[in-house]
Trainee: 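Quick one: structure below, then a few questions.
In what follows, chains are A, B, ... by sequence order, proteins preceding strands, each numbered from 1.
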Protein chains: 2
Amino acid sequence: MEKKSKMEWHGRFRGRGLRFTIPRRLILETLSSTIDHLSAEEIYIRVHRKYPNVGLTTVYRTLDLLERMGIISRFQFGDGRSRFELVQSSTKAGHHHHLVCTSCKQVIDYDDFVEEEVELLKKVEKALAKKHGFEINGHVIQFYGVCNNCQKQP
Amino acid sequence: MEKKSKMEWHGRFRGRGLRFTIPRRLILETLSSTIDHLSAEEIYIRVHRKYPNVGLTTVYRTLDLLERMGIISRFQFGDGRSRFELVQSSTKAGHHHHLVCTSCKQVIDYDDFVEEEVELLKKVEKALAKKHGFEINGHVIQFYGVCNNCQKQP
DNA sequence: ATTCTATTGAAAATGGTTTTCATTATTAAT
DNA sequence: ATTAATAATGAAAACCATTTTCAATAGAAT
């Protein structure tokens, strides 16, 4: 599994004439080994612990690249920074949507109704793609609210 | 309609011990008179044209306030700045969702399937609110893709 | 008109992200 | 393996949307 995805990744890079470097591998491994929604800086810190001569700049550049390659998704939850996770294709297990507390910024992944949501979204996506000539390759569903804990403390 | 909403707004401010000042009125009028998703700076420019001694700081502060009051919604389409529109309650006409071109950043409002979407979302919202103890007060549905025009030019 | 205090504008500070540029490292060819 | 070509990197500086600070101003109740 480790090996397999490593080779998969390597192939996706080489296929585009890109190099599968150490920083790129470490960033992908970091994202693979957590369910959290990490920010660029959080990824930098974790990568940096294992391999101290990786710079924050490279993390930003790599995240942009991975997003353009369709390997990771970028989310904005309202705390002023982008957060990233490995793409969970909406047709596969693991795909989820987000519930965000606008007060403490915590994010809960939910998948309770994702099948239903995705089913509808696929229909909408198809219609919108046709109507507006778009090539659609992603979606976001997010609920915003105030979590249990934040409701108590004013 | 102009007068009516002006009085309505005035009431909502006074009800919270807030003042309905000239900058606040102008910002609300600006948002009322467009269907665009304006950024803080775009709002500032428009307000500034009519009333040059309104500062950008005040625009930011007012937008934060209006969002907290539930009068406007903030969206992040990925171009690095927040964009705002008057709240269109999901139960009322005018409510729409967004289709975003990740290349040129254009945003298309669509309402083709919004009734269906909102119906499902209400069900999900209720379940999530109960399950996680959230008080949910908003949602985002966005599709991301590449528009007709951007597909042509590499 | 006066008082109280919410609100404001200007300037400075903040903080996430991007750019610049000289250096390094990966790959394909030798 | 070496080498040549160039993709990728790190550090520092630049960038830019947003926030903070603070003294001055202006709503609203009296």
Trainee: Counting C-beta onward and ignoring hydrogens, is there a side-chain heavy-atom pair between A/Arg25 and A/Phe20 closer than 4.5 Å?
Mentor: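 Answer yes - side chains close enough.
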Trainee: With respect to the phosphate group of D/dA28, does any side-chain polar atom (N or O) of B/His10 fall under 4.0 Å of OP1 or OP2?
Mentor: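 The answer is yes; a side-chain N or O of B/His10 sits under 4.0 Å from OP1 or OP2.
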Trainee: In this structure, how many angstroms lie between the P atom of D/dT19 and the CG atom of B/Asp64, rounded?
Mentor: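 For the pair B/Asp64 CG and D/dT19 P, the rounded distance is 5 Å.
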Trainee: Applying a 4.0 Å non-hydrogen cut-off, can you work out what B/Arg19 is touching in the nucleic acid: base, sugar-phosphate, or nothing?
Mentor: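 The residue B/Arg19 makes base contact.
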Trainee: Can you tell me how far P of D/dA17 sits from CG of A/Asp79, to the nearest Å?
Mentor: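 Going from CG in A/Asp79 over to P in D/dA17 covers 19 Å.
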Trainee: On DNA chain D, nearest-nucleotide positions of B/Ser39 versus B/Asn53: which is more 5'?
Mentor: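 Nearest-nucleotide comparison on DNA chain D picks B/Ser39.
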Trainee: How close do A/Arg12 and A/Met69 get, counting heavy atoms only, and between which atoms?
Mentor: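 Minimum heavy-atom contact is NH2-O, 3.1 Å.
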Trainee: Using a cut-off of strictly less than 4.0 Å, decide whether B/Tyr60 has a side-chain nitrogen or oxygen near OP1 or OP2 of D/dT18.
Mentor: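 Yes, such a contact exists.
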Trainee: Would you say A/Thr21 reaches D/dT9's phosphate, i.e. side-chain N/O to OP1/OP2 under 4.0 Å?
Mentor: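 Yes, such a contact exists.
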Trainee: Would you say B/Arg24 places a side-chain N or O within less than 4.0 Å of OP1 or OP2 belonging to C/dT8?
Mentor: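 Checking B/Arg24 against C/dT8: at least one side-chain N or O falls below 4.0 Å of OP1 or OP2.
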Trainee: Taking all atoms of both residues into account, what is the closest heavy-atom pair of B/Val87 and B/Gly70, and its distance?
Mentor: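 Answer, listing the atom of B/Val87 first, then B/Gly70: CG2-O, 3.4 Å.
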Trainee: Report yes if a side-chain nitrogen or oxygen of B/Thr57 is closer than 4.0 Å to either non-bridging phosphate oxygen (OP1 or OP2) of D/dT20; otherwise report no.
Mentor: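 So the side-chain polar atoms of B/Thr57 never come under 4.0 Å of the phosphate oxygens OP1 or OP2 of D/dT20.
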Trainee: Students often get this wrong, so: under 4.0 angstrom with heavy atoms, is A/Ser82 touching a base, only sugar-phosphate, or nothing?
Mentor: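 Answer is sugar-phosphate: A/Ser82 comes under 4.0 Å of backbone atoms only.
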Trainee: Okay, side chain of B/Ser39, backbone of B/Ser82: is any donor-acceptor separation there less than 3.5 Å?
Mentor: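 Checking the backbone N and O of B/Ser82 against the side chain of B/Ser39, no donor-acceptor pair under 3.5 Å is found.
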Trainee: Using heavy atoms to find the nearest nucleotide of DNA chain C for B/Tyr51 and B/Gly17 separately, return the residue whose nucleotide is more 5′.
Mentor: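 Whichever sits nearer the 5' end wins; that is B/Gly17.
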Trainee: Base, sugar-phosphate alone, or nothing: which one does B/Arg61 contact when heavy atoms must sit under 4.0 Å apart?
Mentor: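 Since a base atom lies under 4.0 Å of B/Arg61, the category is base.
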Trainee: Please give, in whole Å, the distance from C/dT17 P to B/Arg81 CZ?
Mentor: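 Interatomic distance, CZ of B/Arg81 to P of C/dT17: 16 Å.
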Trainee: Take the protein atom CZ of B/Phe84 and the nucleotide atom P of D/dA17, then report the distance between them rounded to whole Å.
Mentor: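 It is 13 Å, rounded to the nearest whole Å.
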Trainee: Measure CG/A/Leu56 against P/C/dT18 and give the value in whole Å, please.
Mentor: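 Answer to the nearest Å: 11 Å.
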